[in-house]
Amino acid sequence: MVSEIKELYSNKNVEKSFSQENLIKMLIHSPRVKNEYRKIKKKQIIVPIKNNEIYFLTSGLIVSQYKDQPINLKSANQFIGLDTIILQEDQMYNYQALVDSEVIVFETKEVLMELFSQQEGWLFLTLEMQKQIKLLTDKYSIMQKNSFARLTTTFFELALRFGVKQKDAYILPKYFSKKFIADYSGLSPSSVKKIEVLLREEGTIKFIDKRYIVYLEKSTYYTEILSKY
């Protein structure tokens, strides 16, 4: 049935009508949907389905975890919990603030009612679910690679998404600590320590003043990984 609907509504058209940016505007201005602003302290954990809530991150950074394994990072202007409504296994997901953050909180049922009142609303949810499944699939694929490739992929993702570019270098924020890098890569701290020696010798990374500096073009995986971003 989903494939038949997609013939009527292309992914591009649905996402144009129901981008996360458009959706938050619709929810905030709807008289049928209540909302409140809430501060999330560093290291605080939120579980959307347990709380029957959906969150929109206005500032900060949230780590998305599946079965206690970090799989993604949610930055400002992204929803939390929206992509797992249909999967109904959100108990396997939790979200932990990497830094002090702020969210807009909505009741799940009110968000669903507002979406389903729109013609393409449920299809938008389906597309969000598919993105989440792809994210898990991609993460699983990365975890099958050798340790060197996994750690390199982690540095590439963080550099391209959150690094401050200066000439040929990307400077990562200090909150991307050695422990976080190990957890996000699914590697032990001792493995990360050994691989970092190789990456420094290759010229891919430096660690100065508690910050990682990443030089993407010096990596042997540069062409392969860059095509995925």
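Count residues from 1 along the sequence. Worth saying up front: this structure is predicted, and the values here are computed from it rather than measured. Side-chain atoms are counted along with the backbone in the values below, which use heavy atoms only and exclude waters and symmetry mates.
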Mind listing the closest non-hydrogen atom pair of Ile142 and Arg150 along with its distance? O-CG, 3.0 Å

Going by the side chain to side chain contact (heavy atoms under 4.5 Å, CB included) test, name the single residue among Asn94, Ile71, Asn72 that passes it with Tyr66. Ile71

Do Val99 and Leu172 sit in the same hydrophobic cluster, where Ile, Leu, Val, Met, Phe, Trp and Tyr count as joined when their side-chain heavy atoms come under 4.5 Å apart? yes

Where is the tightest heavy-atom contact between Glu114 and Ser30, given as atom of each residue plus distance? OE1-OG, 3.0 Å

State the CG-CE distance between Leu115 and Met26, to the nearest 0.5 angstrom. 5.0 Å

Under a single-linkage definition using a 4.5 Å side-chain heavy-atom cutoff for Ile, Leu, Val, Met, Phe, Trp and Tyr, are Tyr37 and Leu23 assigned to the same hydrophobic cluster? yes

Residue among Glu202, Glu201, Arg200 satisfying side-chain hydrogen bond (donor to acceptor under 3.5 Å, both in side chains) with Thr204: Glu202

Tell me whether the count of non-hydrogen atoms from other residues, nucleotides or ligands lying under 6.0 Å of NZ in Lys42 goes above 12. no

Looking at Asn146 and Phe148, would you say the former's side chain and the latter's main chain have a donor-acceptor pair under 3.5 Å? yes

Salt bridge check, Lys131 against Glu128: does any charged N sit closer than 4.0 Å to a carboxylate O? yes

To the nearest 0.5 Å, atom CZ of Phe176 lies from atom NZ of Lys174 at 14.5 Å

Given the rule in the side chain to side chain donor-acceptor pair (under 3.5 Å) test, do Glu217 and Tyr215 qualify, once you have shown the distances and angles that lead to the verdict? CA-CA 6 Å; Glu217 295 183 10; Tyr215 299 86; over 6 Å; no

If the test is side chain to side chain contact (heavy atoms under 4.5 Å, CB included), which one of Leu160, Ile213, Ile205 qualifies with Tyr170? Leu160

Please give me the minimum heavy-atom distance between Ala97 and Lys41, naming the atom from each residue. CB-O, 3.3 Å

Distance-only side-chain donor-acceptor flag, Glu196 / Tyr212, under 3.5 Å: yes

Candidate list Ile40, Ile54, Ile62, test side chain to side chain contact (heavy atoms under 4.5 Å, CB included), partner Ile80, passing option: Ile62

Would Lys178 pass as a cation-pi partner of Phe207, given that its NZ or CZ must be under 6.0 Å from the six-membered ring centre and within 45 degrees of the axis? yes

Kindly check if the number of other-residue, nucleotide or ligand heavy atoms within 6.0 Å of CE (Met113) is above 12? no

Can we say Glu102 and Arg38 salt-bridge, meaning some charged N sits less than 4.0 Å from an Asp/Glu carboxylate O? no

Salt bridge (charged side-chain N to carboxylate O under 4.0 Å, His left out) evaluation trace for Arg32 with Glu110: CA-CA 7 Å; Arg32 299 184 293 271; Glu110 293 184 350; over 6 Å; no

Closest heavy-atom pair and its distance - Ser101, Leu61: OG-N, 3.2 Å

Taking the side chain as everything from C-beta on, heavy atoms only, tell me whether Lys109 gets closer than 4.5 Å to Asn52. no

Would a hydrophobic clustering, with Ile, Leu, Val, Met, Phe, Trp and Tyr connected at side-chain separations under 4.5 Å, put Ile181 with Met143? no

Does Lys139 have more than 12 heavy atoms from other residues, nucleotides or ligands lying within 6.0 Å of its NZ? yes

Looking only at heavy atoms, which two atoms of Val111 and Leu82 are closest? And how far apart? CG1-CD1, 4.4 Å

Point-to-point distance, once rounded to the nearest 0.5 Å, from CD of Gln96 to CG of Asp183: 9.5 Å

Going only through I, L, V, M, F, W and Y residues with side-chain contacts under 4.5 Å, is there a path from Phe116 to Ile24? yes

Non-hydrogen atoms of Gly81 and Tyr95 that approach each other most closely: N-OH, 4.0 Å

Is the gap between the ring centers of Phe106 and Phe56 under 6.0 Å? no

Check this for me: Lys134, atom NZ, are more than 12 non-hydrogen atoms of other residues, nucleotides or ligands nearer than 6.0 Å? no

Shared ILVMFWY cluster between Phe180 and Tyr175, side chains joined below 4.5 angstrom? yes

Drop me the distance from Lys165's NZ to Leu216's CG, to the nearest 0.5 angstrom. 8.0 Å

